[in-house]
Each structure stands twice: as structure tokens, then as C-alpha cells.
Amino acid sequence: SQTIHQWPATLVQPVGSPLSLECTVEGTSNPNLYWYRQAAGRGLQLLFYSIGIDQISSEVPQNLSASRPQDRQFILSSKKLLLSDSGFYLCAWSVGGLWSEAFFGQGTRLTVV
Amino acid sequence: QKEVEQDPGPLSVPEGAIVSLNCTYSNSAFQYFMWYRQYSRKGPELLMYTYSSGNKEDGRFTAQVDKSSKYISLFIRDSQPSDSATYLCAMSYGGSQGNLIFGKGTKLSVKP
């Protein structure tokens with residue numbers, strides 16, 4: 001069966017520090033991969049999606065970036081965090097259609113202080 | 001008008017009640033509809049997925065889609081305290097177009 005791993009679960013980082021969140025999927029090949037951010041009262045916001053290695057699409061301009069160095073690995077990064085980057089970051093995957101049902105990881109709660 | 005509207009609640013019901021959760025949408029091009037359950041501080045979990053008008057049942061859960069009214073519902077029968085969570089609706093156009101659009105979620109509390 002397919003599983004998705006996302007870490008760390010919780011992260012507190014100072015403003016201006018770098019960020020690296022990692023997500024890996026097991027039990028499937030060539031998944032579509034997604035990064036979402038969930039802020040209180042604002043719902044799920046799509047940040048990036050990827051249909052294959054090194055194929056990244058950005059939905060929202062910001063100081064975040066994403067990379068997909070391997071088929072089942074998706075990384076969310078920032079060179080310098082802002083206070084507004086605080087939130088709950090979720091990695092997800094799907095197979096088949098790009099916008100078919102997505103399966104989520106357990107999320108990373110990021111607090112920028 | 002927002003693409004997907006969902007009453008944020010909170011909704012509080014006694015154990016055993018039938019719960020009705022709803023979303024409305026504005027774009028008739030949406031073809032695929034999903035319901036997710038999200039416990040506090042956890043990732044959303046897919047509950048139901050459907051692409052046609054009508055009802056789809058899975059245990060105590062029934063998803064209903066009315067494309068003519070642009071309205072989807074999730075019914076929970078015999079609700080349990082373990083159903084207490086935030087429920088998110090989501091929908092997409094299908095294919096490679098657009099995005100998976102989420103409602104903001106309805107927070108449900110089932111009291112024993």
C-alpha cells in the first residue's frame with residue numbers, strides 16, 4: 001500500500017533562517033506531488049505541484065521554492081523565512097489525473113519567530 | 001463569489017444524530033468531488049470521492065452531488081464522538097486544468 005512520510009512534524013524557526021521540509025512517498029511510481037499550506041480560517045492553499053522529476057509548477061509567488069530530485073521525493077525550501085510563512089504545511093500525492101483525489105501526509109507545523 | 005463555499009460551523013450534535021455537511025460551488029465545470037476529514041493537527045484524510053450526480057454510500061457516510069444546483073453534501077449516520085473533526089469538501093475540473101479547490105472546512109463536534 002502507498003504511504004507518505006513528511007517531516008518534521010513541528011518546527012520553530014527564527015525569521016531570516018532557511019527552511020527545508022521533506023516529503024517522500026512509498027508504494028507508487030510517478031506520483032503527482034503537491035505542497036499545500038493551511039492557515040487558520042483560510043483553508044488549503046496550493047503552493048507547488050509536480051508531475052515528474054524536476055517538473056515544478058508554482059501557484060503563488062512567494063519566497064518559497066520546491067524541488068523534486070527523485071521520483072518520490074518532494075522538498076519545500078526557503079532561503080530566508082518571514083513571519084508570514086508560519087502555518088501548517090502539507091504534502092500530498094495523487095496518481096492518474098493531476099487533480100484527482102489527493103492523499104495527504106501528516107503535515108509540518110511551522111512557527112516563524 | 002468564491003468558487004467553493006462551506007459553512008465553517010462549528011456544528012455540535014449529540015451522539016447518534018444524523019449530520020449533514022454541505023458545500024456550494026459556482027463553477028459548473030467542476031467534475032470531481034471529494035470529502036476529507038481532518039483531525040486537529042493532522043493531515044486531511046480522504047473519505048469520499050465521486051464524479052457523478054447522485055449518492056455514494058460507504059458505511060455510515062453518504063456523499064451526495066447535485067450538479068444542477070451546484071451543491072454537494074456529506075451525511076454521517078449514527079454519529080460518534082470519534083467523528084469530531086473538521087470536514088473539508090474539495091472539487092476539481094479533472095484532466096490537467098485548474099486545481100483541486102478546497103472549502104474552508106466545517107468543524108464538527110459530536111457530544112457523547
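Sequence lines set the chain letters: A, B, ... in the order given, protein chains first and strands last, and positions in each chain run from 1.
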*Can T106(B) and D7(B) be counted as having a side-chain donor-acceptor contact under 3.5 angstrom?*
no
_Heavy-atom proximity to chain A below 4.5 Å, by part of L88(B)_ = side chain
*Any side-chain donor paired with an acceptor under 3.5 Å for R72(A) and T28(A)?*
no
*Could you look at Q31(B) and say if it's the side chain, the backbone, both or neither that has a heavy atom under 4.5 Å from chain A?*
neither
*Lys/Arg-Asp/Glu bridge criterion (N-O < 4.0 Å) met for E59(A), R37(A)*: no
*Select one option (side chain, backbone, both, neither) describing which atoms of A9(A) are under 4.5 Å from chain B's heavy atoms.*
neither
*So, D85(A) versus N63(A): side-chain donor-acceptor pair below 3.5 Å or not?*
yes
*asked:* Taking side chain as everything from C-beta outward and backbone as N, CA, C, O, which of these in Q6(A) sits under 4.5 Å from a heavy atom of chain B? Side chain, backbone, both or neither.
replied: neither
_Does any backbone or side-chain atom of F102(B) lie under 4.5 Å from a heavy atom of chain A? Answer side chain, backbone, both or neither._
side chain
*asked:* Assess, by modelled atom type and distance only, whether the side chains of Y71(B) and N22(B) contain a donor and an acceptor separated by less than 3.5 Å.
replied: yes
*What part of Y39(B) gets closer than 4.5 Å to chain A, counting heavy atoms only: side chain, backbone, both or neither?*
neither
*For residues R37(B) and Y87(B), is any side-chain donor paired with an opposing acceptor at under 3.5 Å?*
no
_With a 4.5 angstrom heavy-atom cut-off, is it the side chain or the backbone of P8(B) that approaches chain A, or both, or neither?_
neither
*Contact winner vs chain B - G105(A), G43(A), A102(A), heavy-atom pairs under 4.5 Å*: A102(A)
*On the 0 to 90° scale, with breaks at 30° and 60°, tag the Y36(B)-F104(A) ring pair as parallel, tilted or perpendicular.*
perpendicular
*For chain A, which of R41(B), E45(B), M34(B) has the most heavy-atom pairs under 4.5 Å?*
R41(B)
